A.B. asks: 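The structure under discussion is supplied below as structure tokens; questions concerning it will follow.
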Amino acid sequence: MKALVLENIHPTAVDVLRSRGYEVELRAGALREDELAESLDGVQLLGIRSNTTVSERVLKEAPDLEAIGCFCIGTNQVDLVAAAERGVGVFNAPYSNTRSVVELVIGGIIALARRLPEKTQRMHDGVWDKSARGSHEVRGRTLGIVGYGNIGTQLSNVAEALGMRVVFYDKADRPAHGNARRMASLAELLETADVVSLHVDGRPGNAGLFGAAEFAAMKPRALFINASRGMVVDYDSLRAHVLSGHIAGAAVDVFPVEPKAQGDEFESVLRGLDNVILTPHVGGSTQEAQEEIGRFVAEKLAGFALQGSTALSVNLPQVLTPTLDGEHRLGLLHHNVPGVLANLNAVFADAGDNVVGQHLSTRDHLGYVVTDASEPLSAAAIEELRRSEHCVWVRTW
Ligand SMILES: NC(=O)c1ccc[n+]([C@@H]2O[C@H](COP(=O)([O-])OP(=O)(O)OC[C@H]3O[C@@H](n4cnc5c(N)ncnc54)[C@H](O)[C@@H]3O)[C@@H](O)[C@H]2O)c1
């Protein structure tokens, strides 16, 4: 069993894969299409980050490939449809950097409430300016969280631990954590919060979610944070409200257009404003998040390859399989058409094999059924399933 791991993925991933019996080949950088296709001979698992493109052509030339781990959040670099058609599972790490984002936001709130950007700048300029003017504790202040998902809820818990009051607004019906209070509308949140922090997702309808009207509706001298997506905020309006003094400070980590390469010039209307913290999309970028991403994705790859679990796959039907405990498992990835399950169960019945558990899930054109039985099916029965018209692959564990 062989895994090819590119792009300096954290060593925890390698440890997990080696501990499950994989021979792991490591390459520091990304590979171009030709090099990648050539390198996948005999490789079952591929680990990449965002700089390796896995095209349909690469997938066609990699018959041994079973799964791709994107050791990052995004999966645009992989042709997900072509991978699904070939039964290649794709996994990523959507939640491994949640805590890192929360800590940056908390740091930003405290720094802005104490006007640290100005204070540290003055010290670097050689000016001793000791004063409590405009500096506040965050204890007792109200934090308004817009988007109460993974990050929003964890921020809610940490902010309450600091003594902040928390209100939130989410389009979906999310339960409140701790003493947080749900707001009926964004407008209600804006008139209640001393600090507004955005944590919505990147669905198309969220473009321009926060503009002139929303900034104007915030409390005078409130603070504003965006570590979600650049396109959700009109930064010209933010600039105008910081300059007018209506907004007392802002921390911004994400921008509608971000430089592509390390060292490229960063252009923004927010540059040069007082009490505005600008960071280069580093909310989720910590060593701890990298380590967790390495562990998480490697576990998903191993769970798929060694137990047939497609839990959290981004392109295959999701089946979370129970841990094998002496049963004989058969996984059948198939086209999502009527009759496949009946045929499969007829094969088990004909073999006199007792089915002890069965899990089915479908997604678009594919279905995935995992059957645990008391005895292994014969090679001939497995071959019969493999040859059936709608089979993508059959695997046994
Ligand atoms: N700065 C970084 O480095 C960094 C790192 C990780 C994630 N992110 C971004 O943070 C954001 C949140 O991530 P998450 O994992 O918590 O996502 P999530 O999907 O778990 O939560 C998003 C929440 O926002 C809600 N929502 C969406 N649109 C809304 C709207 N218009 N009004 C109110 N609620 C709305 C959804 O119902 C959901 O509960 C995402 O945009 C993600 O891309 C940024």
Side-chain angles (χ1 to χ4, degrees), residues 49-50 70-77 92-109 111 143-159 166-177 180-193 196-211 213-215 217-218 224-235 250-259 262 266 268 270 277-293 296-297 312 314:
R49 282 163 53 153
S50 49
C70 299
F71 287 78
C72 48
I73 315 296
T75 53
N76 296 344
Q77 68 278 41
N92 68 341
Y95 312 124
S96 298
N97 58 12
T98 299
R99 180 64 183 210
S100 300
V101 178
V102 167
E103 291 194 9
L104 185 75
V105 170
I106 292 286
I109 295 171
L143 169 63
I145 300 174
V146 184
Y148 207 59
N150 288 296
I151 295 174
T153 50
Q154 194 163 146
L155 175 63
S156 177
N157 293 331
V158 179
V166 176
V167 297
F168 69 92
Y169 169 66
D170 198 297
K171 279 196 161 170
D173 191 9
R174 305 265 182 245
H177 286 221
R181 282 186 299 132
R182 159 184 296 280
M183 299 284 106
S185 63
L186 180 58
E188 188 186 358
L189 179 139
L190 297 180
E191 68 189 33
T192 312
V196 173
S197 193
L198 303 189
H199 299 285
V200 297
D201 54 54
R203 67 186 73 178
N206 280 343
L209 171 74
F210 217 92
E214 288 70 29
F215 285 116
M218 284 171 65
F224 175 80
I225 317 264
N226 185 21
S228 62
R229 299 288 177 108
M231 56 94 174
V232 301
V233 178
D234 172 3
Y235 287 133
V252 179
D253 187 46
V254 287
F255 304 88
V257 180
E258 296 181 353
Q262 202 75 341
F266 163 68
S268 169
L270 301 177
I277 299 172
L278 302 177
T279 45
H281 204 147
V282 290
S285 305
T286 61
Q287 292 304 309
E288 289 76 9
Q290 288 306 318
E291 182 175 345
E292 178 53 20
I293 288 170
F296 186 89
V297 179
L312 297 185
V314 296

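As a basis for the values below, the full set of heavy atoms in this structure was taken, side chains included, without hydrogen atoms, waters or symmetry mates. First listed ligand is number 1; within each ligand, the first listed atom is number 1. No experiment lies behind these values; they were computed from the predicted model shown.
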A.B. asks: Would you say Asn150 has any N or O atom under 3.5 Å from an N or O of ligand 1, going by distance alone?
C.D. replies: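 Yes, Asn150 has an N/O under 3.5 Å of an N/O on ligand 1.
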A.B. asks: Verify whether the ring centers belonging to His177 and Tyr148 lie closer than 6.0 Å.
C.D. replies: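 Under 6.0 Å, so yes.
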A.B. asks: Can you check atom 17 (O) of ligand 1: any protein non-hydrogen atom closer than 4.0 Å?
C.D. replies: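 No, because not a single protein heavy atom sits under 4.0 Å from atom 17 (O) of ligand 1.
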A.B. asks: Would you say Ala227 has any N or O atom under 3.5 Å from an N or O of ligand 1, going by distance alone?
C.D. replies: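 Ala227 vs ligand 1: N/O contact under 3.5 Å present.
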A.B. asks: Please report whether the ring centroid of Phe210 lies less than 6.0 Å from that of Phe224.
C.D. replies: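 Aromatic pair counts; centres sit under 6.0 Å.
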A.B. asks: Can you list the atoms of ligand 1 that are under 4.0 Å from a heavy atom of His281?
C.D. replies: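 Within the 4.0 Å cut-off of His281, ligand 1 contributes 1 (N), 2 (C), 3 (O).
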A.B. asks: With respect to atom 36 (C) of ligand 1, which of Leu198, Asp170, Asp253 exhibits the smallest heavy-atom separation?
C.D. replies: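 Nearest heavy atom to atom 36 (C) of ligand 1 lies in Asp170.
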A.B. asks: Using atom types as modelled and distance alone, determine if a side-chain donor or acceptor of Asn92 lies under 3.5 Å from a backbone N or O of Cys72.
C.D. replies: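 Absent.
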A.B. asks: Hey, is Asp201 touching ligand 1 through its side chain, its backbone, both or neither, going by heavy atoms under 4.0 Å?
C.D. replies: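 It is both parts that get close, each with some atom under 4.0 Å.
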A.B. asks: Quick one: does Arg174's side chain have a donor or acceptor within less than 3.5 Å of a partner on Gly147's backbone?
C.D. replies: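 No, the answer is negative, given that no donor and acceptor are paired below the 3.5 Å cut-off.
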A.B. asks: Do Phe266 and Phe255 make the cut of ring centroids closer than 6.0 angstrom?
C.D. replies: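 For Phe266 and Phe255, the ring centres are under 6.0 Å apart.
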A.B. asks: Does ligand 1 come near enough to Ile151 that some N or O of the ligand is less than 3.5 Å from an N or O of the residue?
C.D. replies: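 Indeed, backbone or side chain, Ile151 has an N or O that close.
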A.B. asks: Which of the atoms in ligand 1, numbered in the order shown and given with their element, are less than 4.0 Å from a heavy-atom of Tyr169?
C.D. replies: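 Here the atoms of ligand 1 in question are 32 (N), 33 (C).
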A.B. asks: Return yes or no for this condition: an N or O of Leu209 is under 3.5 Å from an N or O of ligand 1.
C.D. replies: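 No; the residue has no nitrogen or oxygen that sits under 3.5 Å from a nitrogen or oxygen of the ligand.
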A.B. asks: Short N/O distance, under 3.5 Å, between Val101 and ligand 1?
C.D. replies: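 In this structure, Val101 places no N or O atom under 3.5 Å from an N or O of ligand 1.
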A.B. asks: Evaluating non-hydrogen atoms only, which member of Val232, Asn206, Val105 is closest to atom 28 (N) of ligand 1?
C.D. replies: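 Minimum heavy-atom distance to atom 28 (N) of ligand 1 goes to Asn206.
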A.B. asks: So that I can tick it off, tell me whether Arg182 and Asp170 are bridged by a salt bridge, with the cut-off set at under 4.0 angstrom between side-chain N and carboxylate O.
C.D. replies: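 The answer is no: the pair does not qualify as a salt bridge.
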A.B. asks: With a heavy-atom distance limit of 4.0 Å, tell me whether Asn97 approaches ligand 1 through its side chain, its backbone, both, or neither.
C.D. replies: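 The side chain, only.
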